[in-house]
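All ligand and atom numbering here is 1-based and tracks the order in the structure. No experiment lies behind these values; they were computed from the predicted model shown.
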Amino acid sequence: MPKEVFGRDYVFLPRHQILSFEEMTRLVRVFVSLGVEKVRLTGGEPLLRKNLPDLIRALSEINGLQDLTLTTNGAALSALAGPLRAAGLKRLTVSLDALDDEIFRGMNDVDFPVARVLAGIDAAVEAGFAPVKINMVVKRGVNDHQILPMVRRFQSPHYVLRFIEYMDVGNTNGWRMDEVISAAEIVSIIEQEFTLEPVAANYPGEVAKRFRHRDGGGEIGLISSVTQPFCTGCTRARISSDGQLYTCLFASTGHDLRSLLRDDSDDQKITEVIRHQWLNRTDRYSELRTTATSTMPKAEMSHIGG
Ligand SMILES: C[S@@+](CC[C@H](N)C(=O)[O-])C[C@H]1O[C@@H](n2cnc3c(N)ncnc32)[C@H](O)[C@@H]1O
């Protein structure tokens, strides 16, 4: 959320336009009845939502939901890791693009030091979330020389360090193809110093290609959404905080579920609408991506969560 776009004068959604915990829990129950097994809370920044452990508790009690996880910038994690774990959160991903404080702040446009995120990651391991996933988006000329320091710092079974190819999300990130460092290039940089071996996918459709350190020092993941798109195997639906259903990270519009939650539609009706949207999706943006498509209107990453 670059400050020049989302600055002091930015008008955020009024409270009544965002889904309540009860509405989110109902929606998740409907999705689980359709076969969804895994839910990830993201954002925006999910730890900014008041009383978040209450939502986690309600979601963790849904029968059939097998995995409940969350992606955070880590700024508020030191205080919240324990309460989130106690409420039933199963796994945690922390975004961290650099260990160098200046590069970290520059990339994320934030006013907190990298030390605060590292303390949050320590708190997550202590709370029982190991292995904690660490997401690093790699941008050429900006943080590529942080790849090896990150591998050294997180070479441990306590972490899974994941490198994400820089994507043309939203309309505000000014993406250029020459800023993308491919997963293959990232692996070759890591292999200058470390010996990696491939690991089989956890499940069909897993987005990260997995490697492990041959000496037992934990795992590395590569998310090559630009150079090796995985639209065909994508099983992700996204719901924005105001209840829009998006069938692709690069969609420009969503389908309104909030009004169904707030009129007298029963769960059956909501189920049918979701099924229809899902079965009729045609999204394959990442397979069609060119420099020209990068300027097409898309929902902002901060709106649909990454
Ligand atoms: C949009 S954030 C939302 C959750 C939370 N605020 C956070 O910082 O983790 C979710 C993930 O998207 C990743 N991300 C953001 N911009 C990206 C880009 N242009 N290309 C690839 N991944 C990106 C972030 O690194 C983060 O791991």
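A donor atom on one side chain and an acceptor atom on the other are not found under 3.5 Å apart for Tyr166 and Asp97.
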Set out, in order, the CA-CA distance, both residues' side-chain angles and the distance that settles side-chain hydrogen bond (donor to acceptor under 3.5 Å, both in side chains) for Ser60 and Arg57, then state yes or no.
CA-CA 5 Å; Ser60 70; Arg57 191 163 296 107; over 6 Å; no

Step-by-step salt bridge (charged side-chain N to carboxylate O under 4.0 Å, His left out) determination, Lys3 to Asp111:
CA-CA 11 Å; Lys3 286 198 187 95; Asp111 290 325; 3.7 Å; yes

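Ring orientation note: the planes of Phe154 and Tyr159 are nearly perpendicular, at an angle over 60° on the 30°/60° scale.
To the nearest 0.5 angstrom, Ile239 atom CD1 is 3.5 Å from Phe31 atom CZ.
Side-chain atoms of Thr93 do not come within 3.5 Å of backbone N or O of Thr71 as any donor-acceptor pair.
Enumerated by chain and number, the residues approaching ligand 1 to less than 4.0 Å through a heavy atom are Thr42, Gly43, Gly44, Glu45, Thr71, Thr72, Asn73, Ser95, Asn135, Val137, Ile164, Glu165, Tyr166, Met167, Val169, Asn173, Met301, Gly305.
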